[in-house]
Structures are given as C-alpha cells and as structure tokens.
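Take a look at the structure set out below.
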Amino acid sequence: MPTIEKASETLPYKTITVPMLAGVNAQEHNMIAQFNRCFNSEDVFLQAQNDAILVRLRRADLNQMRAAVDRITASTTNNGTNSATNALQKSLQAVEAIKSYGLDGKKRNYVGYNRERKVIDRAQKERRRGRHYYANEAQFAQDSKEPPAEYVNKIIAGDSLTVLSKLPDNCVDLVFTSPPYNFGLDYSETPDDQRWDDYFNRLFEIFDECIRVLKFGGRIAVNVQPLFSDYIPSHHIISDFFMRRRLIWKGEILWEKNNYNCKYTAWGSWKSPSSPYLKYTWEFIEIFCKGNLKTKGDSSHADMSPDEFKQWVNAKWSIAPERNMKEYGHPAMFPEELATRVLKMFSFQGAYVLDPFAGVGTTAVAAKKSGRRYLGIDISHEYCDTAEKRLNSILM
C-alpha cells in the first residue's frame, strides 16, 4: 500500500465523510494516492479510513477534479472495483452536492468565504483617517444628573421646549421619537403642513434641548420618513443637523414595513426616464451618540436575549405597521415592537427614556413594559389622555 501524504493539521478544512460500506480496497488506496498527487494538499485532500473516505476541502476547481477522477478511474485496472461507485467517484459526488460556497476565480471556496473581511491594523488606520472626525472637537460635560422626580414616569401635555427647559443637563439616557412628518396628516391639535424651513427650525430647537439633557454616551434615535413627493430627504437633513452639533453617527436602521400597497399608487412618468417616481416600503431610524459611542450601564441590566441580539444587529428590521391607529385616534403611529427593540438595543433596564413627540405614548408603553423610566411630551391633550389610558392598562 503506498504511503499517503497527510493534510495540514494547522489549516481549517471542511470535512466530508463518505461512507464505504465494503471498505476501501488496495486499488482504491492507490487511486486516492494518485488523486492527492494531482492537487495541493492545502486545497483538497482525501484520506482513507477502514469504512469511509474523509474529503478535506478548502477550495477546489470542480472541472479539474472531474478530469482527474475520470483519468485515474479510466487508467486503473478495476480488479472488481466498479468505476461508478469507487472511492474517487463517490468523493467527487459528495463535493458536487455542496451548494454553499464562495468563488475565487475558477475555484470554489468552502472555508471562510462567508466571514466578514477584516481590516488589517484597523485602529492605526482609524487614527490616520480621523474616526468620526466631525465630532472630535465636541466638549460635552461628562457628569450625569438625575431627572426631577416630577418628570419621571410622566406624560405631560405641553410644548416640548417649555417642558424640556425644566430638566437639568445630562439626565436622559435615551431619546427615541418620531417627529410629525409634515406630510399634511390630520394630527389632533397641530398643523402638519408648515413651510419646510419653519418646520425644521422648530424641530431643531427641540432637538437642541434633547442634546442638552442627554447624558454623555447617551443616544438619540429618530424615526423619520422622507417626503419623497416634495423631494425632502428628511433623514439626511436631520442627520446633518446632529453631525453639525458634534454628535457621533451610530448607524441607521431600515424599518421595512412590507407595506406593498404603496408600491403601485404612483408611477411618475410611465415607462419613461423623464421623471419616474420612486416608491418606498420602509422608513429610517437614525441613531446618534453624545460624546462617546459606548454608554455606561450594568451588564446585568441588559435585557436582550442572544437570539434577539443576533437578529437586531442586522440593521433591517421587518416589522408590520401599527394596526390600531384608528382605535387610538392617531394617524401616524409606529408599532410598539419598534420602540421595544430600540429601547432594549440602545439602553439598559432602569434607563430614563425621553420622547418629546410622544403622540399616544408608544415609547412610554414600551419603556414601562421593559423596566425603564420615561417622560413623554406632546402638545395634544387628547393624545396625552390616550397615552395615560394605555399606560394605566398595563399590569405589572
């Protein structure tokens, strides 16, 4: 029996076990040795055991493998070995059956093809480029304060600028909100069709207060849908505002609503490049950090399960729209599931969560159910009454 070179013991291989019920005969041992001499053992290697073949795979050109198997099989005297079921043929069939692989030229990659590409010397390159350079000169105070008791676990009807002025600096852990869209929706007590410059000026006054009351390392997450019919990229305008205020862009979540009805309500120039109208079934959540990407907290107060974490770090969240908007009398609610994910992903239990455009209190409801403190503010007394009823109905 010929001596067979060994596969590397240090390289990672994908290993396939090919059963050989009749065992591996001497002729097949010889064929395996010929096969291994045709290929680099760091790419593909066959090892014979008593009743199986181990196929060690890292990468392989299947055309070359087929040619080698056919050539070796045809040139070897069978001596009772069936050419259709011999060790080489069965090993080749096992490799051909693998449907998950990467491509490297003509070779199929079977190991490491789906790993994220790593940047060599990442820290050094980040220093050279200037990591979040737009926020590096920010001088935010790092001391934290407790919010006044009269503003904890409250829904307050009033102007957000006025209410927020009563809060001390650096007392909020997370802001999660969805400001009025300015689409012309029928909100309870506020117009939703202001001039865009007036709308953003007012919005940014409130966001400035949110930045002031946010703790060092705290997060602001804003749910926003651009008004494509007016060609107003609200998510970009809002993100630019926070960057100019020296907050660090943490990321962007795409909230896929799967609202397929909206796909076919407008086309623009039909079948023409003249002015096609693009439709969207998703909204955005823009996330920013004050002073530091890392927030302080006790790890025992993190309340995501392993499966939730693995699912949610993929920044496309497929969540159905709120179905009870008529029941609550609000035309543009986000679902409780969306708020729950944001709160659990970006704050610890016990955190103080602010929503300056609270509507009917979905953020507050998610906060109460997940063991967080909250403050919801809205100009509409009607919405605040509804929010209070929702909160009072929660049994803890």
Side-chain angles (χ1 to χ4, degrees), residues 135 138 140-141 144-148 151-156 158-181 200 202-224 234-235 237-253 255 283-297 334 336 338-359 361-368 370 372-379 387:
F140 297 119
S144 298
K145 300 181 179 67
E146 280 297 310
Y151 292 98
V152 176
N153 295 338
K154 300 291 184 181
I155 298 292
I156 298 178
D159 180 84
S160 286
L161 276 180
T162 302
V163 177
L164 290 175
S165 69
K166 308 294 179 58
L167 297 182
D169 297 353
N170 309 331
C171 67
V172 171
D173 296 286
L174 171 67
V175 178
F176 179 50
T177 193
S178 181
Y181 289 151
F200 282 117
R202 175 66 176 176
L203 180 63
F204 293 157
E205 285 183 318
I206 295 171
F207 281 163
D208 273 328
E209 279 295 285
C210 290
I211 294 171
R212 179 185 66 80
V213 302
L214 191 67
K215 291 180 181 178
F216 189 87
R219 285 80 181 264
I220 293 180
V222 182
N223 167 225
V224 59
S234 305
H235 58 316
I237 295 171
I238 288 171
S239 292
D240 179 69
F241 163 80
F242 285 119
M243 291 172 67
R244 287 188 284 108
R245 292 298 191 272
R246 306 290 188 185
L247 269 69
I248 305 169
W249 183 69
K250 178 71 172 175
E252 176 182 83
I253 295 169
W255 167 27
E283 298 188 15
F284 301 90
I285 301 172
E286 303 294 332
I287 304 130
F288 283 84
C289 304
K290 180 178 175 179
N292 199 324
L293 286 163
K294 187 173 183 178
T295 194
K296 292 182 179 179
F334 52 72
E336 185 181 325
L338 187 73
T340 299
R341 289 192 188 190
V342 171
L343 268 58
K344 293 174 74 171
M345 188 83 179
F346 297 108
S347 72
F348 294 92
Q349 285 184 312
Y352 184 48
V353 179
L354 166 67
D355 186 346
F357 301 101
T362 302
T363 299
V365 168
K368 184 174 182 179
S370 63
R372 287 154 176 83
R373 300 171 295 163
Y374 60 85
L375 171 62
I377 310 167
D378 202 276
I379 197 69

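This is a predicted model, so every value here is computed, not measured. For this chain, numbers begin at 1 and follow the sequence in order.
Crowding of K296 atom NZ: a count of heavy atoms from other residues, nucleotides or ligands under 6.0 Å not exceeding 12. Around NZ of K154, the count of heavy atoms belonging to other residues, nucleotides or ligands within 6.0 Å does not exceed 12.
Heavy-atom minimum distance, V342 versus A221: CG1-CB, 4.0 Å. Considering every non-hydrogen atom in both S160 and P356, the closest pair reads OG-O, 2.6 Å. Across all their heavy atoms, Y352 and C171 have their closest contact at CD2-O, 3.2 Å. Closest non-hydrogen pair, A364 versus I155, comes out as CB-CD1, 3.9 Å. The nearest pair of heavy atoms linking A366 to A339 is CB-CB, 3.7 Å. Contact record, F207 with P179: CZ-CG, 4.4 Å, taken as the closest heavy-atom pair.
Judged by distance alone, the side chain of R212 and the main-chain N or O of L164 form a donor-acceptor pair under 3.5 Å. Side-chain N or O atoms of D169 include none that pairs as donor or acceptor with a backbone N or O of V213 at under 3.5 Å. Between the side chain of T363 and the main chain of D355, no donor-acceptor pair closer than 3.5 Å is present. Panel note: side chain N223, backbone F284; a donor-acceptor pair is recorded below 3.5 Å. Not one N or O on the side chain of R219 forms a donor-acceptor pair closer than 3.5 Å with the backbone of L214.
The distance from the CD atom of Q349 to the CG atom of L343 is 11.0 Å, given to the nearest 0.5 Å. Here I156 contributes atom CD1 and Y151 contributes atom OH; the two are 5.5 Å apart, rounded to the nearest 0.5 Å.
Relative ring orientation between F204 and F241 is described as parallel, the plane-to-plane angle staying below 30° on a 0-90° scale split at 30° and 60°.
Ring centers of F176 and F334: under 6.0 Å apart, within the cut-off.
Shown are V172, V353, N153, L354; of these, the side-chain contact (heavy atoms from CB on, under 4.5 Å) with R373 is made only by N153.
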